[in-house]
J.: 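Here it is, the structure in full.
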Amino acid sequence: YYTLQTKYLESTNKCLEGNSQGSAVLGGAAFMSDCTAPATGQLWKLVPASDGYYTLQTKYLESTNKCLEGNSQGSAVLGGAAFMSDCTAPATGQLWKLVPASDGYYTLQTKFLESRKKCLDGNSQGGAVLGGAAFMNDCTASAGSQLWKLVPVP
């Protein structure tokens, strides 16, 4: 398992958390949360799919076969926030590619939005965009909120 941290929030020790749909926290959207003692929703497993893509599952929801899905902004589902969804037959929004950036960081792109150059953005809780939910945004090389580090969990 890994925790997923952004360069932007690394110094504040925030990790991406996969939430249950309909949760009281951001309606079930994935979000950045304190990871001093990582919750099982912050422990991510990269499951090889095909063609260099992975599905991303949390320890918390892997027994229910849920995967992280990158959504289009403005979509009917959570306004475009990333969320956990059934991954029995992964949708292209659940197929993630880790694109090396620099200094051990990656951008995370879905097969669904890769051609539109969208990357997962780890937003601050309470942020102006989607209340702080993680979301797909235009890939920007200088955006620290799009630079992800995979930290192995012992």
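Every heavy atom of this structure was used, including side-chain atoms; hydrogens, water molecules and symmetry mates were not. Residue numbers run from 1 in the order of the sequence given. Just so we're clear, the structure is a prediction, and the values are computed from it rather than from any experiment.
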J.: Distance only, no hydrogens: is a donor on one side chain within 3.5 Å (strictly under) of an acceptor on the other, for Asp34 and Thr36?
T.: yes
J.: Is there a side-chain contact (heavy atoms from CB on, under 4.5 Å) between Val99 and Tyr106 once you walk through the steps?
T.: CA-CA 5 Å; Val99 180; Tyr106 297 87; 5.9 Å; no
J.: Trp96 side chain to Leu46 main-chain N or O, any donor-acceptor pair under 3.5 Å?
T.: no
J.: Between Lys118 and Asp138, does at least one N-O distance fall below 4.0 Å, as a salt bridge requires?
T.: yes
J.: Consider only side-chain N and O atoms of Glu62 and Tyr1, and report whether a donor and an acceptor are under 3.5 Å apart.
T.: yes
J.: I want to check something: taking the side chain as every heavy atom from C-beta on, are Leu120 and Leu4 in contact at a cut-off of under 4.5 Å?
T.: no
J.: Does Asn137 reach the main-chain N or O of Cys119 with its side chain, forming a donor-acceptor pair under 3.5 Å?
T.: no
J.: Using a 4.5 Å cut-off on heavy atoms from C-beta on, say whether the side chain of Phe135 contacts that of Asp121.
T.: yes
J.: Go through Asn13 and Gln5 one step at a time and tell me if the side-chain contact (heavy atoms from CB on, under 4.5 Å) criterion holds.
T.: CA-CA 8 Å; Asn13 204 30; Gln5 294 184 308; 3.2 Å; yes
J.: Roughly how far, to the nearest 0.5 Å, is the NZ atom of Lys117 from the CE atom of Met136?
T.: 13.0 Å
J.: Looking only at atom types and distance, does a side-chain atom of Thr110 sit under 3.5 Å from a main-chain N or O of Leu113, one as donor and one as acceptor?
T.: yes
J.: Determine whether Cys139 and Gln146 satisfy the following criterion, side-chain contact (heavy atoms from CB on, under 4.5 Å), listing intermediate values before the conclusion.
T.: CA-CA 7 Å; Cys139 297; Gln146 294 176 4; 4.3 Å; yes
J.: For Leu61, does its backbone N or O pair with a side-chain atom of Thr58 as donor and acceptor, under 3.5 Å?
T.: yes
J.: Can you name the nearest heavy-atom pair linking Leu26 to Gly131, along with the distance?
T.: CD2-O, 3.5 Å
J.: Can you name the nearest heavy-atom pair linking Gly18 to Tyr60, along with the distance?
T.: O-CD2, 4.0 Å
J.: Through direct or indirect side-chain contacts below 4.5 angstrom among Ile, Leu, Val, Met, Phe, Trp and Tyr, which residues connect to Tyr53?
T.: Leu95
J.: Considering all heavy atoms of both residues, which atom of Thr55 and which atom of Cys67 are nearest to each other, and what is their separation?
T.: CB-SG, 3.6 Å
J.: How long is the straight-line distance from NZ of Lys59 back to CD of Gln42, given to the nearest 0.5 Å?
T.: 13.0 Å
J.: What pair of heavy atoms forms the shortest contact from Ala81 to Phe83, and how long is it?
T.: O-CD2, 3.4 Å
J.: Between the side chain of Asn19 and the main-chain N/O of Met84, is any donor-acceptor distance below 3.5 Å?
T.: no
J.: Any heavy-atom pair between the side chains of Lys97 and Glu114 that's under 4.5 Å?
T.: yes
J.: Would a distance-only check, ignoring hydrogens and angles, find a side-chain to backbone donor-acceptor pair under 3.5 Å from Thr140 to Ser142?
T.: no
J.: I would like to know whether Ser33 and Lys14 meet side-chain contact (heavy atoms from CB on, under 4.5 Å); could you show each step before the answer?
T.: CA-CA 5 Å; Ser33 184; Lys14 303 293 184 199; 5.8 Å; no
J.: Under 4.5 Å between side-chain heavy atoms, hopping through other hydrophobics if needed: is there a path connecting Leu16 to Leu150?
T.: yes
